[in-house]
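Right, one structure below, let's go through it.
Order of the sequence lines fixes the chain letters, A, B, ..., with proteins taken first and strands second; residue numbering starts at 1 for each chain.
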Amino acid sequence: MTNPELKPVIDVQHVSKVYDNGTSGLTDINLQVRPGEFVVIVGLSGAGKSTLMRSLNRLHQVTEGRVLIDGQSITEAKGRNLRQLRREVAMIFQNFNLVKQSTVLRNVLAGRLGYYPTWRSSLGLFKDTDKQRAFKALERVNLLDKVYQRVDQLSGGQQQRVAVARAFVQDPKIVLADEPTASLDPKTAHLIMNDLKSMNQDLGKTVVANLHSVALAKEYATRIVGLRAGRIVYDEAIRDVTDTDLTDIYNGGSLTGDGQ
Amino acid sequence: MRIPKRTIAQRFHVRLVGSLLILIGLLIVSNKFLRLDFNALIQNFDQFLALLKDMMHPDWKSAPFVVQPMMETIQMALIGTTVGTLLAIPAAVIAARNVITNKWITGAVRIVFNIVRTLPDLLLAALFVAIAGIGPYAGVLTLTIFSFGMITKLFYECIETIDNGPLEAILTTGGKRSAMVVFAVLPQVYSRFVSYILYTFEINVRASTVLGYLGAGGIGQQLQTSLSEFRYDQTAVIILAILVVVLAIDGVSNFARERLQ
Ligand SMILES: Nc1ncnc2c1ncn2[C@@H]1O[C@H](COP(=O)(O)OP(=O)(O)OP(=O)(O)O)[C@@H](O)[C@H]1O
Ligand SMILES: [Mg+2]
């Protein structure tokens, strides 16, 4: 999976993040993710997983260092340039972040907003090819029959699958998922993880996911990165990951590369 | 176990006690200045009774002449509310801290809107009558500014209570901030916006009856004429008409607002 020849699609260089209130979120993070990887980030609550993820698409402004997306710095990007880089990085959230008052179709089409001027999208003038794209994405996640329903009439699992469909139509290079299954039952969690896996294997998208479930992490990841107190304390390809490693990340035992 | 200490301000409820003291102080001081004389109110009571007696015999023949100015009043309120709303929507978006994250921008526009809102509608009416002359034009201008100030505040406070998750989601698709407003902000506030607009319309109908008194057109102007001619029998008809219309509009708009919930 991990082909060291390939240029990294995500390149995190010496990134630190201190929040306005003085809390340190990340300290000197270095991380290269290559195309086609399925990276799962694990770590205790408060370790900085969400902070790291939100630095990748610049929902957070980092205090130090920079993040390159496909070779271009998203940290310094502005305006149109920033929007074009963000278009390459779809995100799936723990609480779905859909517009509940709108229809499923409108939420999925929102994934195309980066490709349209606002006057056109506001009038609902999406291209036919994009509408077909939305239908196809909904078919993939088995929700084509709900296309004209309001999102608030769907179950949590269905809503997350709408969010997955939105990421599909965005057609990004990278898909970020911040605890995408945390509020779902185990069976639905697997559905969502399978959606991500299919994006990764069938469509060649690079996936980075934060997960709390060690079982899911081992099942889907090609590589596991462990965070603790804002630092990377573990980083191994899945074939080298042992159960002791994983418990150590959570329990704070000594780890490779931790040095203390 | 160490429980975090409350600050002194938190411990003694300084804010609550402080604002109560200030309120009581203001009451005492304002009474000193105004020297309210409740005796005068009682002594003039018979005058009030005389007026009431005249009003008990409404001049129903004058009723048809009420219709046209009444329509004018409602039109003034309608136009004022509509134009005010159209101006208020972009203004509220710029003032909402979750849409525009630059505190300098939201802060600056809020100061302007606050100033607009503190201008009393009667002062605005007097001003516009002076500028635009006597008639409904002055009334419409007044109600537009008045609605703008009120709706802007209602709207931006409403926008700040919405779920910000979908706003972020739009940004991560590479969408513009304007697309974010259309796709993630407006759908979340739409029904409350409509309810606020109806509410403002109710207030505007009531306000425009008074504005006419200053020469800003509509039924108020007729009310003023009847009073100055001591035709209290006609005044009675006008007041009844206002009452009926205001009640009807309140009723319809309340019904519509409840259906929106
Ligand atoms: N907006 C914020 N302002 C200030 N501090 C924050 C903010 N968001 C997170 N933090 C702090 O940054 C640190 C890392 O938080 P983060 O949300 O990244 O953790 P996490 O690993 O995602 O945890 P969880 O598993 O609970 O989601 C924590 O100490 C947290 O308190
Ligand atoms: Mg988190």
#### Entry: Face-on cation placement of A:K205 at A:F168 ring, 6.0 Å and 45° thresholds
no
### Per-residue contact mode, A:L98 against chain B (heavy atom under 4.5 angstrom)
backbone
### Query
Heavy-atom distance under 4.5 Å to chain B: side chain of A:N95, backbone, both or neither?
neither
### Task
Go through the steps for B:F148 and B:F113 under the test ring-ring contact (aromatic ring centres under 6.0 Å, His included), then give the verdict.
CA-CA 9 Å; B:F148 170 79; B:F113 299 155; 5.5 Å; yes
#### Entry: A:R54 versus chain B, the contacting section by heavy-atom distance below 4.5 Å
side chain
### Query
With the threshold set at 4.0 Å, does a side-chain nitrogen-carboxylate oxygen contact exist between A:D202 and A:K197?
no
### Query
Which residue out of A:R106, A:M91, A:Q84 racks up the most heavy-atom pairs below 4.5 Å with chain B?
A:R106
### Message
Is A:R112 in contact with chain B via its backbone, its side chain, both, or neither, using a 4.5 Å heavy-atom distance?
### Response
neither
### Query
B:F155 ring centre to B:K153 NZ or CZ under 6.0 Å, with the angle to the axis within 45°?
no
## Note on the structure
Scored by heavy-atom pairs under 4.5 Å with chain A, the best of B:L167, B:T172, B:D163, B:V182 is B:T172
### Query
Which atoms of B:L171 come close to chain A, meaning under 4.5 Å heavy atom to heavy atom: side chain ones, backbone ones, both, or neither?
both
### Query
Does CG in A:N21 sit with more than 12 non-hydrogen atoms of other residues, nucleotides or ligands closer than 6.0 Å?
yes
### Message
Between A:R133 and A:V169 (side chain of the first, backbone of the second, donor and acceptor by atom type, cut-off under 3.5 Å), is there such a pair?
### Response
no
